[in-house]
Amino acid sequence: MSNIRAIRGMNDILPGETPYWQFLEQTVSRVLGSYGYAEVRLPVVEQTELFRRSIGEVTDIVEKEMYSFDDRNGESLTLRPEGTAGCVRAAMQHGLLNTVQRLWYAGPMFRYERPQKGRQRQFHQIGVESFGVASADMDAELIVLCARLWRELGIADSVQLQINSIGSPASRRAFRDALVHYLEQHVDALDADSQRRLHSNPLRILDSKNADTQALLDAAPALVDYLDDESRTDFAQLCDLLQAAGVPYVIDTRLVRGLDYYNKTVFEWVTQSLGAQGTVCAGGRYDGLVAQMGGRAVPAVGFAMGMERLVLLLRERGKPRAAAPAAHIYAVAAGRAAQRAALTAVETLRDELPQLVIVQHTGGGSLRSQMKKADKSGARVALIWGEEEVTSASVTVKRLREASGETAGAAQRRVPARELAATLCAEFADGQSDEG
RNA sequence: GUGGCCGUAGCUCAUCAGGUAGAGCACUGGAUUGUGACUCCGGAGGUGGCGGGUUCGAGACCCGUCGGCCACCCCA
């Protein structure tokens, strides 16, 4: 085996996997489309500055996880670590923000992290962003949309919704100061990671996994008590709408988000069945980001789903509905003349019966070995061309998966070439095209 | 960046007190010079992740390194 391997944390998605991805992509595209969201396709590379300014200088992503490099002209570029920044940039650049915009995108993101279950260096997200609506009914729309998506994907039982409000920047600042003030008096009781975060990113201490730290937080100032009136009423409205829509949720007052641009509503869909990386979808409001990037003040909400994590859930739930189609027909030919006849006949067949999956044997070999391939392809019918068929302008049609009990005589017959399409049409008329 | 576990054929794994590797599946040829599945016979495929050390001798022991998995951190 060659020394050249895929980069750590950047995985190949092989034929056994792609049906799950296709099912996911098709379902997402359909559901989002039905809510009036339009797909955008954005560059994978952006100016490094874009991410520094939007995600936040002191976040782990910007500090140590970005794949950055200098372009040939010396400009610093970065493989996007998340999608929102680029989406905002594109919307601003092309003047899409004069009206309400509902957008979505899907694609690879890059973060230099240690791989583990549900986490890799190149991973894929589906992002959904809404611009221009400040009220909580928009937040509700996004969450309800998620809930529908989980139902369509068949994983609704596996995920749980957690929501919170982190308030306006001003109220969060006030809370932050109070929290730091409180924790500074208990520094020694904090775990090492939380001590480090105390001044860099104190809000993150709230969702520390350390039990002692969590105990300490019980007596700490609570984010809820610092919320501004607007955040409070908007959050109440969101809860009310979710209730009306029948979407269950739990309020997690310690839920915060890692990226700087969030405000007000934040939410996460989490699962128990993915190990330590249980967040399958997360997002929130980011009303200040567009202005911060130099645009008008445009309110926005959005979220991102981790496709690898969703695929893991789909796999747990068994076969996807959009499986790769097994071959219906395998075409076999012995000899040069037969090969010519087979190729042209099969091409004609594809014109006449485009819904059939026809695999044409290539690579020669004995008829026997070709038939072995036919069997392994999973095809229900083999078409056989040999000398006799060529001279008599006919084809042998052989059933490979005869239901037990049927007469052996029906298993194989020779039909005139011009009747082939009609014969196969009848053969597959039951509509049961295939089963993996 | 830190920690734990692991690294033998394409895949799943085995072997032994340290004495130059084996099975199943998959692949392939044949048993039927025009026909698959079941069965039978044969074949190919491994520098035992890589490098060093101990030893008369190492896949098995030691060290290093690379890679994988999981966890911390962080996040989708």
Sticking with atom [atom1], work out how far [N] lies from [M], rounded to a whole angstrom.
N      : M      : atom1 : result
A23(B) : A31(B) : C1'   : 24 Å
G68(B) : A76(B) : C1'   : 22 Å
U54(B) : C63(B) : C1'   : 11 Å
G48(B) : C61(B) : P     : 15 Å
G34(B) : C25(B) : C1'   : 30 Å
G29(B) : A37(B) : P     : 12 Å
U20(B) : G59(B) : C1'   : 11 Å
A60(B) : U47(B) : P     : 16 Å

Rounding to a whole Å, what distance do you find between [X]:[atom1] and [N]:[atom2]?
X       : N      : atom1 : atom2 : value
L14(A)  : G10(B) : CG    : P     : 15 Å
K117(A) : C72(B) : NZ    : P     : 13 Å
R196(A) : G1(B)  : CZ    : C1'   : 10 Å
F110(A) : A76(B) : CZ    : C1'   : 14 Å
R121(A) : C69(B) : CZ    : C1'   : 14 Å
L312(A) : C70(B) : CG    : C1'   : 13 Å
F303(A) : A76(B) : CZ    : C1'   : 12 Å
R309(A) : A76(B) : CZ    : C1'   : 5 Å

* To do: Decide yes or no on salt bridge (charged side-chain N to carboxylate O under 4.0 Å, His left out) for R196(A) and D193(A), but give the supporting numbers first.
  => CA-CA 5 Å; R196(A) 177 171 51 75; D193(A) 286 319; 3.1 Å; yes

Determine the contact category for [X]: base if any of its heavy atoms lies under 4.0 Å from a base atom, sugar-phosphate if only primed atoms, P, OP1 or OP2 are that close, otherwise nothing.
X       : result
E65(A)  : sugar-phosphate
Q120(A) : base
A374(A) : nothing
A334(A) : nothing
Q277(A) : base
R119(A) : base
G283(A) : nothing

* To do: Name the residue closer to the 5' end of RNA chain B, choosing between P115(A) and Y262(A) according to the nucleotide with the nearest heavy atom.
  => P115(A)

* Take A276(A) and V280(A), find for each the nucleotide of RNA chain B with the closest heavy atom, and name the residue whose nucleotide sits nearer the 5' end. => A276(A)

Using Watson-Crick or G-U wobble geometry with both distances below 3.5 Å, tell me the partner of [N], or none.
N      : result
G3(B)  : C70(B)
U15(B) : none
U32(B) : none
U8(B)  : none
C61(B) : G53(B)
C27(B) : G43(B)

With the side chain of [X] defined as its heavy atoms from C-beta on, choose the nearest nucleotide among [options].
X       : options                : value
R114(A) : G34(B), G1(B), A76(B)  : G1(B)
F123(A) : A76(B), G36(B), C72(B) : A76(B)
R111(A) : A71(B), G1(B), A76(B)  : A76(B)
K209(A) : C73(B), U35(B), G36(B) : C73(B)
R5(A)   : G36(B), G34(B), G67(B) : G67(B)
T396(A) : G1(B), G34(B), G29(B)  : G34(B)
L400(A) : A76(B), G36(B), G1(B)  : G36(B)
K373(A) : U28(B), G36(B), A76(B) : U28(B)
M371(A) : A76(B), G68(B), U35(B) : U35(B)
Q412(A) : G1(B), U35(B), C27(B)  : U35(B)

* **Contact check, side chains of L223(A) and L203(A), non-hydrogen atoms, under 4.5 Å** => no

Please state whether the base of [N] and the side chain of [X] form at least one donor-acceptor pair under 3.5 Å?
X       : N      : value
R8(A)   : G67(B) : no
E389(A) : G34(B) : yes
Q116(A) : C73(B) : yes

* Asked: Taking K264(A) as the fixed residue, which of S171(A), S168(A), S231(A) is the one that meets the side chain to side chain contact (heavy atoms under 4.5 Å, CB included) rule?
  -> S231(A)

* Can a donor-acceptor pair be found between the side chains of D191(A) and T213(A) at a distance below 3.5 Å? -> yes

* Side-chain donor-acceptor pair present, R148(A), Y35(A), cut-off under 3.5 Å -> yes

* Asked: Is the backbone of G364(A) close enough, under 3.5 Å, to the side chain of H361(A) for a donor and an acceptor to pair up by distance?
  -> yes

* Check for a donor-acceptor pair, side chain of T423(A) on one end and backbone N or O of E419(A) on the other, with a separation under 3.5 Å. => yes

* Asked: Can you check whether R257(A) has a side-chain N or O nearer than 4.0 Å to OP1 or OP2 of A76(B)?
  -> yes

* Face-on cation placement of R121(A) at Y112(A) ring, 6.0 Å and 45° thresholds -> yes

* So, R401(A) and E427(A), do they make that salt bridge, N to O below 4.0 Å? -> no

